[in-house]
2 protein chains.
Amino acid sequence: MAFMHYTRDNMASLLRSHDINPTHQRIEIAYALFSRQEHLSADQVMAIVNTRHSETSKATVYNTLKLFLEKGLVREVIVDPSKVFYDPNTRPHHHLYEVDSGRLSDIDAAHVRISGLPALPEGMVTEGIDLIVRVRRAQ
Amino acid sequence: MAFMHYTRDNMASLLRSHDINPTHQRIEIAYALFSRQEHLSADQVMAIVNTRHSETSKATVYNTLKLFLEKGLVREVIVDPSKVFYDPNTRPHHHLYEVDSGRLSDIDAAHVRISGLPALPEGMVTEGIDLIVRVRRAQ
DNA sequence: CCTCGATCTGGACTTTGTCTAATTCCCGGA
DNA sequence: TCCGGGAATTAGACAAAGTCCAGATCGAGG
């Protein structure tokens, strides 16, 4: 799958193989994501899909990305500070996030070992390393 | 510092020791965070600080939390999907996030070793482990 | 060609956070 | 005590990202 050509036909099979009904809009959105092999935000997907003329609504883009997520076709990466928690504990530690309840608790840093990070980009410094284990209720 | 009593007077010293001018509002916000030793979101802080009657504006709460963050008094934990990236690569890997530019790139999972995670809470399953290394331009 | 469930749509709405111009606070000097 | 002025605070308008809903449309199977 990794080396396939990213054609719209192949997107249709990809969707079907993930138990997703391949509609025009879903195929376009999948094509936008996979042909670029980049991390895209919802509005970037919107922009790409509607380049020529408006074809796909905002609601559909959001619904489709959520569907792809459920079906394991894409991963979600949360990076931007929008809904943020402020933690008075500044000692090194990591976090366990219960998706259902929104509860956030600590994981002792001693339990986590991270090594061999690649060199940082030129002129960059580490602002923080955040390990967030996301858990939810089974089923 | 870890075992001090969380009085408003102590908050004032704590703020001064972090080079923060201790105003009424800042003391109340620090007290809310530290006396609870919990992860609080901005609107939770708002609610706590304005329990009796409205005393502190939204802008001040946000400004103050940002100030505390800069001065290293609190940490920021990003957990909730608000600004999200969708990643077509579902193979195990982690992420390098450049705060300034918003650019997001991959770190091969082979370069990162995470071990000794604690047992999950009863009835919980892992939804994902996200290691996000946040970097920014020096100075 | 029809039907009907699945999908899609525009647009109103919510949430979280930012911005700004005006006001208030408070400290240090006279 | 009074005053000046910079720091801090405020209300409220605004912005960005995402959700929701009722109606319109699509398209596969009969």
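Worth knowing before you read on, the calculation uses all heavy atoms, side chains too, and leaves out hydrogens, waters and symmetry mates.
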Handout entry: Check: Tyr31(A) main-chain N/O paired with Ser35(A) side-chain donor or acceptor under 3.5 Å
Key = yes

Handout entry: Separation of dT7(C) C1' from His24(A) NE2 (nearest whole Å)
Key = 12 Å

Exercise for the section: Give one of base, sugar-phosphate or nothing for Thr60(A), where a contact means two heavy atoms less than 4.0 Å apart. Expected result: base

Handout entry: Distance in angstrom units between Gln25(A) CD and dC26(D) P, rounded
Key = 10 Å

Practice task
Would you confirm whether Gln44(B), through its side chain, and Ser41(B), through its main-chain N or O, come within 3.5 Å as a donor-acceptor pair?
Solution key: yes

Handout entry: Distance-only donor-acceptor check, side chains Asn10(A) and Thr7(A), under 3.5 Å
Key = yes

Exercise for the section: Let me know the distance between CD of Gln44(A) and P of dA17(D), rounded to the nearest Å. Expected result: 10 Å

Exercise for the section: Take the protein atom CZ of Arg26(A) and the nucleotide atom P of dT9(C), then report the distance between them rounded to whole Å. Expected result: 11 Å

Problem - Ile29(B): which of Leu67(B), Thr23(B), Val45(B), Ile48(B) passes side chain to side chain contact (heavy atoms under 4.5 Å, CB included) - result: Val45(B)

Problem - Asn21(B) side-chain proximity, nearest of dA8(D), dC8(C), dT9(C) - result: dA8(D)

Handout entry: d(CG, Asp19(B); P, dA8(D)) in whole Å
Key = 11 Å

Fill in the blank from the handout: Asn63(B) atom CG is separated from dC25(C) atom C1', nearest whole Å, by 16 Å

